[in-house]
Each structure stands twice: as structure tokens, then as C-alpha cells.
Amino acid sequence: MHDRLERIESVKAGSLGGIVAGIGYGLTIAMERFILSNSARLLVSLVLEVAIAIFCGFLFGVTYRYIIRADRNDHLNSGAVLAFGLVRGLSQVDTDKFELAQIWLDGLILCKSIFMFAIARYAIDYALAANWVLPFTLRSQQESININLAASTLQEREIEEVV
């Protein structure tokens with residue numbers, strides 16, 4: 001029963017991440033079209049890009065819920081956004097046709113990806129704070145484990161569980 005509830009909460013977090021990431025990516029594409037006047041893009045290509053963004057946002061939402069768990073570590077939260085944004089953004093950079101003059105376009109691609117996951121993160125954080133989505137908790141996470149690291153060998157180290 002516990003696993004089923006965790007899966008439901010993960011699907012909720014993933015769905016929220018996907019929807020918000022899709023909206024964020026759609027907004028950045030609209031701004032890009034406005035700034036660059038790039039209206040020659042086919043509708044099918046646009047729909048496919050937004051669908052990929054929604055899927056990436058879904059995966060981010062599920063993963064983000066597992067990353068943050070019950071503790072509130074802002075560096076960990078931001079690191080998850082940066083990791084997802086960098087992986088998605090850097091994978092879109094075309095290194096075969098690299099020109100120094102086009103580096104700002106590559107930077108724009110990178111910023112769009114980071115922005116997409118950043119707004120998904122804040123939406124999921126808001127949903128967690130409002131208890132719309134519950135944080136991931138393991139039964140074993142409720143217990144703390146103390147390890148005596150002062151001992152010189154592994155056999156001398158004591159592991160004690162604190163309940």
C-alpha cells in the first residue's frame with residue numbers, strides 16, 4: 001500500500017513538472033520567435049519540441065521529488081535544476097557546426113532548458129508546501145543511523161540505529 005501511494009505522489013509530481021515545463025518551454029519558444037522572427041518553423045516540429053519538453057519535465061518532477069525528500073536543502077534543489085538543465089541544454093548544442101559567432105545562440109538554448117526546469121522546480125515546491133504533492137519518505141528514512149568513524153578498522157566501527 002505504501003509503494004502504491006508513493007507511485008501516485010510521483011505521478012502527481014511528474015505531471016505537474018511536465019505541465020509547467022511544457023508551458024515554460026512554450027513561452028521561451030514564443031519569445032524566441034518574437035525576438036528572432038523565426039516564423040518558418042513547422043507546426044509539427046513545434047508540437048514535437050513541446051511534447052519532448054513535457055516528457056522531460058515529467059521525468060524531472062518524478063526525480064526531483066525523490067531528490068529532495070523531506071529535508072530542505074536549497075543547494076540540492078538548485079543542483080537538480082542545474083543538472084537537468086545542463087544535460088538537456090548541452091545535448092542540443094550542435095558541435096559539428098560550431099562557430100564562435102553563434103555561441104550566444106547556444107547560450108540561449110542552455111538558458112531555455114535551465115529556465116524550463118527552474119519554473120517546474122518552483123511549481124513542485126509550491127505544490128509540496130501546499131500538500132498537493134507529498135514529499136518522498138521511506139520508512140527507513142525515519143530512522144537515523146550513527147556510525148563511529150573514529151575507529152581505525154571497519155570491524156571496530158559500531159553501527160547503531162536510533163529510532
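Nearest heavy-atom pair across C56 and F117 is O-CE2, 3.7 Å. Between F115 and G24, the shortest heavy-atom contact is CE2-O, 4.1 Å. Here the shortest heavy-atom pairing between A123 and V20 reads CB-CG2, 3.6 Å. Looking at every heavy atom in both residues, A120 comes nearest to G17 through CB-O, 4.0 Å.
Considering only heavy atoms from C-beta on, W132 stays 4.5 Å or farther from E9 through its side chain. In this structure, F84 and I114 have side chains that are not in contact, with every pair of non-hydrogen atoms separated by 4.5 Å or more. Contact check for L128 versus I68: side-chain heavy atoms found under the 4.5 Å cut-off. A heavy-atom distance below 4.5 Å is not found between the side chains of I54 and I19. For the pair Y25 and S113, the minimum side-chain heavy-atom distance is 4.5 Å or more.
Counting only distance, with no hydrogens or angles, the side chain of R65 and the backbone of V11 share no donor-acceptor pair below 3.5 Å. With hydrogens and angles disregarded, no donor-acceptor distance shorter than 3.5 Å links the side chain of S78 to the backbone of H75. Here the side chain of T63 pairs no donor or acceptor atom with the backbone of F60 at under 3.5 angstrom.
The side chain to side chain contact (heavy atoms under 4.5 Å, CB included) test with V93 is passed by exactly one of D106, L110, I103: D106.
Distance check, rounded to the nearest 0.5 Å: CD1 of I52 to CZ of R88 gives 7.5 Å. Taken to the nearest 0.5 Å, the CD1 atom of I124 stands 10.5 Å off from the CG atom of N77. Annotation: the span from I8 atom CD1 to L134 atom CG amounts to 10.5 Å, rounded to 0.5 Å. Note that NZ of K112 is 6.5 Å distant from CD of E49, once rounded to the nearest 0.5 Å. To the nearest 0.5 angstrom, I23 atom CD1 is 12.0 Å from T28 atom OG1.
Residues S10 and Y66 bring a donor and an acceptor atom of their side chains to less than 3.5 Å of each other.
Figure legend: cation-pi geometry between R121 and Y126 absent, as NZ or CZ is not positioned both under 6.0 Å from the six-membered ring centre and within 45° of its axis.
Under the ring pair (Phe, Tyr, Trp, His ring centres under 6.0 Å) criterion, Y122 pairs with no residue, sequence neighbours left out.
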